[in-house]
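Fair warning: this is a prediction, and the values are worked out from it, not measured in the lab. Remember, it's 1-based here, ligands and their atoms both numbered in the order they're listed.
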Amino acid sequence: MGWWFDGFVGTSEWWRTATVYQIYPLSYADASGDGFGDLRGIIEHLGHLGGKTDSLGVDAIWLSPIYRSPMVDFGYDVADHCAVDHRFGSLQDADALISQAHSRGLRVLLDFVPNHTSDQHEWFERARRSRTDRYRDWYVWADPSPDGGPPNNWLSAFARIGRAWTFDEPTGQYYLHSYTAQQPDLNWRNPAVRAAMHEVMRFWLDRGIDGFRVDAPHRLGKDALLRDNAPDVVDLRVATQLDDRRHRNLDDPAVHEILRGLRRVTDSYPDRVLIGEVGVHHPVRRRDYYGAGDELHLVFDFGFWSNPWRAEAFRRSGAEQHAVIEAGGWPTHALSNHDLSRHASRYAHRTATGLDTDARARAAAVLLTTLPGTTFLYYGEEIGMTDVALPDEYVEDPDGRDPERTPMQWDFASPAAGFSPARPWLPVPQAGPDVRTQSADPHSLLSLYRDLLRLRRTHPCLRSAGYADVHTDPDVYAFRRPVGDRTLLVAINFADTPRAAKIQAERLDPNATVVVSTGARPPGTTIDPSELVLEPDEGLVLELPTGRFGSNATLLRAHK
Ligand code: NOJ
């Protein structure tokens with residue numbers, strides 16, 4: 001293994017080496033002063049992300065939904081796919097964001113929510129008017145079961161919602177909703193739905209966006225006969241076994257033809273990408289969603305972000321992801337997003353002096369940026385933002401995900417941490433990490449991310465598919481990234497005490513050079529990898545001297 005990907009802007013496979021930064025628009029920056037984040041706020045902060053020497057240095061931004069929405073599911077209930085919600089601004093603001101991001105070398109990805117619309121979408125308002133309306137069959141309707149109850153036993157993905165069916169009194173049928181009752185599922189078996197949603201994609205692709213993050217694509221295929229699930233099926237545990245076909249409300253084989261359709265639309269524009277949030281938990285089943293290179297370009301790895309902070313868990317993910325590459329797909333790495341507790345909180349550990357959220361966040365930064373694949377960062381991850389405990393009156397989300405969606409912490413010297421001049425829609429904590437302080441500190445997590453992303457953009461080993469697991473102490477996950485005559489060795493100590501790495505590799509040259517360490521190891525130091533003792537929670541990148549050209553290390557500064 002080990003070929004080159006020229007991922008620079010202007011080539012068609014830029015996404016392979018990219019770092020994508022997810023923005024939750026309600027929480028990024030409020031320029032209008034109403035307490036909600038907006039597109040103008042994002043524009044004002046683009047310099048944090050790209051285009052300047054001290055920018056974070058990501059390649060693309062992905063915006064969670066910005067479309068007109070009643071916000072029952074905070075934008076994932078779309079009432080008009082071709083309008084920007086008034087909280088975020090206007091279509092003109094979207095155009096300005098796209099062009100200003102592009103002028104900084106940042107690509108722009110939008111969320112595309114194909115499985116359902118809002119119940120306030122005109123299509124659904126028409127569909128529920130009568131059984132004979134021409135929009136009726138755009139959604140999934142069914143008669144009550146003989147006892148008058150829901151047509152089958154399917155459950156909503158949100159545990160609090162219960163049944164995935166709601167009875168529509170005036171027309172006497174149930175409609176399907178895989179999430180809340182205000183999010184009716186579209187009927188993708190209907191060619192008119194496919195055509196309309198393809199039009200939506202073109203509307204935005206024509207405006208210059210660089211692709212979509214596709215919401216819940218595994219839900220687009222469901223059993224045509226609406227048969228019951230096996231009684232013990234709980235949505236969130238689906239398909240943990242390769243042959244697990246006991247659930248019929250998702251991952252139906254029909255999904256693949258639908259995805260090929262989305263891909264055809266995408267491929268009719270140059271250099272665009274489709275990234276799918278495929279909630280199928282078996283890694284081999286999930287791999288099907290790459291198709292034969294004709295479905296999704298990228299698939300999120302639910303296994304990776306569900307891992308406990310243990311070397312063997314990430315080592316297993318590394319092997320699964322390598323299998324994705326061998327099968328012709330391309331892996332993704334994310335540890336946080338708007339549906340998950342932030343990993344700085346999840347992986348925090350108790351020490352003698354309190355809760356440490358920083359050490360593992362640093363090690364995770366090394367992991368996220370040095371494995372072969374596309375990296376995804378969630379806003380605030382670059383400064384180590386944690387979940388924010390919220391008083392009950394603020395808990396609004398139907399699935400309780402508010403703590404990981406609180407406003408971006410720009411500057412604690414300003415009101416609402418610089419997020420908004422008004423009362424923010426979700427509260428900001430009294431103190432915590434912020435961009436202003438970390439920008440000025442060469443040893444901050446933000447500085448570490450800047451350095452790692454520079455390395456990721458420029459080091460040939462990190463722009464290739466080369467990967468080999470290295471045998472080590474069980475608490476250490478180490479891998480090599482070889483390309484041509486150069487090799488990086490990455491080692492992460494998952495223990496909170498020092499560990500002899502016990503690296504076992506053939507022909508290990510004793511003169512490795514430290515490129516970056518999250519510990520106290522100065523860059524440029526020469527060390528013998530076979531003698532390596534890692535500090536607690538240390539993430540380390542070494543350049544191994546290979547080939548007759550010897551070491552050609554890229555040096556970065558120390559981070560402690
Ligand atoms: C997955 C999204 O990430 C989540 O936030 C949303 O609630 C559901 N899909 C429904 O769209």
Note to self: Measuring only between side-chain heavy atoms, which start at C-beta, is V278 closer than 4.5 Å to P217?
What the structure shows: yes
Notebook entry, point to check: Which of the atoms of ligand 1 are close to H338, meaning less than 4.0 Å from one of its heavy atoms?
Noted result: 2 (C), 3 (O), 4 (C), 5 (O)
Notebook entry, point to check: Quick one: does ligand 1 sit under 4.0 Å from the side chain of Y24, the backbone, both or neither, non-hydrogen atoms only?
Noted result: neither
Check: Does a salt bridge link R131 with D137, judged by any charged N lying under 4.0 Å from a carboxylate O?
Finding: no
Notebook entry, point to check: ligand 1 and D215, any nitrogen or oxygen pair closer than 3.5 angstrom?
Noted result: yes
Item checked: Set of residues satisfying salt bridge (charged side-chain N to carboxylate O under 4.0 Å, His left out) with respect to R456, sequence neighbours excluded -> none
Next item on the list: Below 4.0 angstrom from a heavy atom of D73, which ligand 1 atoms are there? Numbered from 1 as shown, please.
Entry: 6 (C), 7 (O), 8 (C), 10 (C), 11 (O)
Margin query: Counting the benzene-type ring for Trp, do H48 and W410 have ring centres under 6.0 Å apart?
Written below: yes
Checklist line | Spatial distance of atom CZ (R360) from atom OG (S345) [nearest 0.5 Å] | finding: 12.5 Å
Note to self: Would F74 count as a contact residue for ligand 1, given that I'm defining contact as a non-hydrogen atom of the residue lying under 4.0 Å from a ligand atom?
What the structure shows: no
Notebook entry, point to check: Short list, please: which atoms of ligand 1 are under 4.0 Å from a heavy atom of E277?
Noted result: 1 (C), 3 (O)
Check: Which atoms from ligand 1 have a heavy atom of R213 less than 4.0 Å away?
Finding: 2 (C), 3 (O)
Next item on the list: Answer with yes or no after comparing the ring centroid distance for F212 and W15 against a 6.0 Å cut-off, counting only values under it.
Entry: no
Checklist line | Nearest neighbour of atom 5 (O) of ligand 1 from the list D397, D339, N337, V72, on a heavy-atom basis | finding: D339
Next item on the list: Just need the protein heavy atom nearest to atom 8 (C) of ligand 1, so name the residue and atom and give the distance.
Entry: Y179 CE2, 3.6 Å
Notebook entry, point to check: Do you know which of H218, R219, R285, K222 makes side-chain hydrogen bond (donor to acceptor under 3.5 Å, both in side chains) with D251?
Noted result: R285
Next item on the list: Identify, by atom number and element, the atoms of ligand 1 in contact range of H116, meaning under 4.0 Å from any of its heavy atoms.
Entry: 10 (C), 11 (O)
Next item on the list: Check ligand 1 against R405 and write out every atom of the ligand that is under 4.0 Å from a heavy-atom position of the residue.
Entry: 5 (O)
Item checked: Identified side chain to side chain contact (heavy atoms under 4.5 Å, CB included) partner of F376 from the options L368, I275, D301 -> I275
